[in-house]
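Data first, discussion second: the structure below is written as structure tokens.
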Amino acid sequence: MKTVLIHGMVMAPTFWSCFAPSIVREGQAAAYPLPGHSPWTLDVSSRTLETMDIVNAYAEAIERDFDGEPVTLIGHSTGGFISLLLARHRPDLVANVILMGAFACGRFVGQERIAARILRLPLLGRLLFVRLFTRWIATRETFRWGSLECVFDKAVGWETEETIAAMEQVREQLLQSRAHEIIAFVSWMSQTSLIGELAEIDVPVLNIIGARDTIVSPSHQIKLSGHLPRVHTVILDKVGHLPMAEARDKVDQLVSTFLLFGPLTAQHKVNLTNSTEPGTFGRAVPLGL
């Protein structure tokens, strides 16, 4: 099995070292950063970020790392948005899409992304974004408390020595990112919508929704499913924005069932069950524009 994992906003590829579904670890996997998140640096000094810049960069990475063969995309939150974008523009490289806490437009009715709202503030927006971003990742504790806001049940027990260490690695990777490049990505995202194009995405999609998600409205995620022609939607009760952490065993089961017995061709099933040489898991693939 060949898998590409894409994290959410202000996270890092190493996030998946603990939270990737178990079946992913049995094949070849790579975790890619979002644009502007280390180690993906952007040259935004002379022009704005364009949609096809992003699509082409991911496509080149997949073609390089997987010899151009279709991969399963697993995207969390903003990573889900990017996964849908790739499935829309490069379906030849996408076998399946698995979404968790995902959205289909960067600015949707009733819940504009908080980062985009901050940046829309006149004069002080960019300065405030940089200050909040810097403060959030400044220490292990501030980053931990910010991450806990994504979890519905704070006592669910998802924090272990292993996951705490992984989140500290995420923070360290974010410290290498440049705020103005993340701002460029957020600005692009806030002006981009896939709602009108979802019906054109003709690959199997598993959409995992936390019923208590306060970051991306469950109603928006359900609406997203309603526009996709080949989607299987699962709503998990008492789960917030991090299903892979809050309901790890259930998500593992859902992903494995979808990939092994879902809407795949017989040939795909054979490929999934054949042993493959594992790639470097959790790697952050350098991309550039």
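Between the side chain of H220 and the backbone N or O of A104, at least one donor-acceptor pair lies under 3.5 Å. At least one donor-acceptor pair under 3.5 Å links the side chain of T142 to the backbone N or O of T139. With hydrogens and angles disregarded, a donor-acceptor distance shorter than 3.5 Å links the side chain of R25 to the backbone of S17. For N56 (side chain) and M52 (main-chain N/O), a donor-acceptor pair under 3.5 Å exists by modelled atom type. The main-chain N or O of V239 is never found under 3.5 Å from a side-chain atom of R212 such that the two would form a donor-acceptor pair. With hydrogens and angles disregarded, no donor-acceptor distance shorter than 3.5 Å links the side chain of Q169 to the backbone of A12.
Hydrophobic clustering, with ILVMFWY side chains joined whenever heavy atoms are under 4.5 angstrom apart, keeps L99 apart from F152. The hydrophobic cluster containing I209 does not contain V216, counting ILVMFWY residues as joined when their side-chain heavy atoms lie under 4.5 angstrom apart, directly or transitively. Linking ILVMFWY residues whenever their side-chain heavy atoms come closer than 4.5 Å, directly or via other members, places L260 and V203 in the same cluster. At a threshold of 4.5 Å between side-chain heavy atoms, the hydrophobic network of Ile, Leu, Val, Met, Phe, Trp and Tyr places I215 and F143 in one connected group. Both I137 and L148 are assigned to one and the same hydrophobic cluster, defined by single-linkage of ILVMFWY side chains at heavy-atom distances under 4.5 Å.
T78 approaches M189 most closely through the heavy-atom pair CG2-SD, 3.6 Å. L174 approaches M11 most closely through the heavy-atom pair CD2-O, 3.4 Å. Across every non-hydrogen atom of N96 and L259, the tightest pair is ND2-CD2, 3.9 Å. Shown here for A95 and P204, the closest heavy-atom pair between the two residues is O-CD, 3.4 Å. Minimum heavy-atom separation, P243 to V251: O-CG2, 3.4 Å. Of all heavy-atom pairs between C105 and S193, the closest is CB-OG, 3.3 Å.
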Tell me which donor-acceptor pairs under 3.5 Å the side chains of residues 153-160 have, and how far apart each pair is, sequence neighbours excluded?
residue, atom, partner, partner atom, Å
D153, OD1, A155, N, 3.0
K154, NZ, V151, O, 2.7
E159, OE1, R144, NE, 3.3
E159, OE1, R144, NH2, 2.9
E159, OE2, R144, NE, 2.9
T160, OG1, E162, N, 3.3
T160, OG1, T163, N, 3.2
T160, OG1, T163, OG1, 3.4

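The shortest distance between side-chain heavy atoms of L254 and T257 does not fall below 4.5 Å. Residues P91 and I201 are not in side-chain contact: their nearest non-hydrogen atoms beyond the backbone lie 4.5 Å or more apart. The shortest side-chain heavy-atom distance between R140 and E172 does not fall under the 4.5 Å cut-off. In this structure, the side chains of V97 and L206 stay at 4.5 Å or more apart for every pair of heavy atoms. You'll find the side chain of P70 stays beyond 4.5 Å of the side chain of L93, heavy atoms only. At least one side-chain heavy atom of I74 sits less than 4.5 Å from a side-chain heavy atom of T3. Here the side chains of E200 and H89 are not in contact, with every heavy-atom distance at 4.5 Å or above. Between S77 and M100, the closest side-chain pair of non-hydrogen atoms is not below 4.5 Å.
Of the inter-residue distances, the one linking T51 atom OG1 with L85 atom CG reads 6.0 Å to the nearest 0.5 angstrom. Note that CD of E246 and CG of L242 are 5.5 Å apart. Values are rounded to the nearest 0.5 Å. From S187, atom OG reaches atom NE2 of H180 across 12.0 Å, with rounding to the nearest 0.5 Å. The structure places CD1 of I208 at 9.5 Å from NZ of K250, a figure rounded to the nearest 0.5 Å. Here the NE2-CD1 distance, from H227 to I222, works out to 12.5 Å after rounding to the nearest 0.5 Å. Here CE of M9 is found 10.0 Å from CZ of F133. Values are rounded to the nearest 0.5 Å.
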Stepwise side-chain contact (heavy atoms from CB on, under 4.5 Å) test for V130 and I183: CA-CA 9 Å; V130 171; I183 286 173; 3.9 Å; yes
Can R248 and Q253 be said to form a side-chain contact (heavy atoms from CB on, under 4.5 Å), step by step? CA-CA 9 Å; R248 195 166 184 173; Q253 179 185 12; over 6 Å; no
Before you tell me yes or no, could you show the steps for W136 and R171 under side-chain contact (heavy atoms from CB on, under 4.5 Å), namely the whole-Å CA-CA distance, both residues' side-chain angles and the distance that decides it to 0.1 Å? CA-CA 9 Å; W136 182 46; R171 188 182 73 87; over 6 Å; no
Criterion side-chain contact (heavy atoms from CB on, under 4.5 Å) on R230 and V205, from CA distance to verdict: CA-CA 6 Å; R230 301 176 64 189; V205 178; over 6 Å; no
Test log, rule salt bridge (charged side-chain N to carboxylate O under 4.0 Å, His left out), inputs E63 and R90: CA-CA 11 Å; E63 289 170 342; R90 290 301 304 268; 3.1 Å; yes
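Close placement of the F185 and W188 rings is indicated, their centers lying within 6.0 Å of each other. Aromatic ring centres of Y58 and W40: separated by under 6.0 Å.
Between the side chains of Q221 and D213, a donor-acceptor pair is found at a separation under 3.5 Å. For the residue pair T233/N207, the side-chain donor-acceptor check at 3.5 Å is not satisfied. S177 and S38 share no side-chain donor-acceptor pair at under 3.5 Å. The closest side-chain donor-acceptor pair between T14 and Q173, if any, does not fall under 3.5 angstrom.
By the 30° and 60° cut-offs, the orientation of the rings of H76 relative to W16 is perpendicular.
Under the rule for a salt bridge (charged side-chain N to carboxylate O under 4.0 Å, His left out), E149 has no partner lying at least two apart in sequence or in another chain. Judged as a side-chain hydrogen bond (donor to acceptor under 3.5 Å, both in side chains), and not counting sequence neighbours, the contacts of W145 are E141.
Annotation for D249: atom CG does not count as buried by contact number, only 12 or fewer foreign heavy atoms lying within 6.0 Å.
Each of I6, I182, V186, I54 was checked for a side-chain contact (heavy atoms from CB on, under 4.5 Å) with L34, and the lone residue meeting it is I6.
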